[in-house]
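Small disclaimer: the values here were computed from a predicted structure and weren't measured.
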Amino acid sequence: MKQNLTLILTFLLLIFSSLDSKPKRELRILIDAEADANFELELWQEKPSETEASIAPKPPEVIQFKGNRITVTPKDDFEYFRVRRLGEYGAKGFWTQVFSTNVDPGSPLSVPREFVTKKTFEPKPVPKNQVSVISNDSFVIVKEKEVGTRYLTKDHIYVSPTDDASGIAEVRYRVNDGQWNSAKSLASIPFTEEGEYKLFYFSVDMAGNKEPIQILEFIRDTIPPTSNVEWMGTMSKGKGNTNFLSPTSAIRLVSKDNRSGVKDILYSVTCQSGTQSEFKSFTTDISVLGLKSECKGSFQMFYYAVDQVGNEEPVKTLNFQLGSESN
């Protein structure tokens, strides 16, 4: 029994000794570089992406060394390696291609000498929260031939500055080539006369910081449009400036404006019976016969025009009688 046990133990020792005597895999790397150069070696279990767009899920074994040669014994499951140069102040070079630990990569190994340029962080300048604001509610943009012109619709402009740091000390402004004016915090600038304007303005905070000068160009339109009647069809003049119209005559309302332009012409009809229509936009010639049939007798027409900034013309009147018409 003892002899059998001795034989079994001897057999196991022979097996373990044979495993220990199995030659280990050595990786010898000679690099085309100076003897005092510094490098970093990575050993991978799975092949990493050479573009570095993604990496293998298992982390590598990292070895940093000085000199142009190294001998390592990779573990059995580490099948790949790559090398890069290390420089001063933490600078790192570009990786070589990925090699197999089971194949001689060639001697000497060429490692890129260039270093990766680090992207320096440049903080974006923080914009100053000091700004003067003019409400867009005070203006209307009128387009003519694809060109927009700004018209002021009110008789004043409010310049409202804000500063979330030290606060606003004053607002300075100038109209056209006039003198610079100063106002505390909120500036109300009057524009009562018709014309073209250029407003220069900026604010100053309590710390003395000046906002860049801003320029606003616009037109002030204060004169309403003028409308008239054009008679379409047969018409003749009688005594006392009386116009005689035929049953086929029609009324055409026209208007013109010297600044922003005509936006709308509106008209209303009041019959002799007292019936009055709402004002509506003029879009096509109005038949006199149709109005006479609708009112079944004499009637009046009221009309006026409005420009693009809201200036309204005083209401005008036309008086019609059966068989005749007079202004």
Check: Y197 ring centre within less than 6.0 Å of F191 ring centre: yes
Any donor-acceptor pair under 3.5 Å from K280 side chain to L266 backbone: no
Flag for Q300-T270: side-chain donor and acceptor within less than 3.5 Å: no
Student check: side-chain heavy atoms of C295 and V269 closer than 4.5 Å: yes
Exercise: do D264 and S281 side chains pair donor with acceptor under 3.5 Å: yes
Residue D285 excluded, over 12 heavy atoms near CG under 6.0 Å: yes
Centroid-centroid distance, Y304 to Y267, less than 6.0 Å: no
Nearest heavy atoms of F81 and S100, plus distance in Å: CE2-O, 3.7 Å
Side chain proximity check, R259 to V142, heavy atoms < 4.5 angstrom: no
Contact check, side chains of L41 and E61, non-hydrogen atoms, under 4.5 Å: no
Heavy-atom side-chain contact between L152 and I219 under 4.5 Å: no
Between T73 and E26: side-chain donor-acceptor atoms closer than 3.5 Å: no
Gap between atom CD of E230 and atom CG of L253 - 0.5 Å precision: 9.5 Å
Greater than 12 external heavy atoms within 6.0 Å of R113's CZ: yes
Close aromatic pair by centroid cut-off 6.0 Å: Y80 and F99: no
Donor-acceptor pair between N102 and E79 side chains, under 3.5 angstrom: yes
Row check, W95 ring normal vs R82 NZ/CZ: under 6.0 Å, within 45°: yes
Aromatic F200 / basic R174 pairing, under 6.0 angstrom, 45° off normal: yes
Distance-minimising heavy-atom pair for P112 and R85: O-NE, 3.4 Å
Separation between OG of S255 and CG of N228, rounded to the nearest 0.5 Å: 8.0 Å
Whether T153 side chain and S138 backbone form a donor-acceptor pair below 3.5 Å: yes
Any side-chain heavy-atom pair of F218 and I157 under 4.5 Å: yes
Any I70 side-chain heavy atom under 4.5 Å of I63 side chain: yes
Donor-acceptor pair between S260 and D221 side chains, under 3.5 angstrom: yes
Centroid separation F202 to W180 less than 6.0 Å: yes
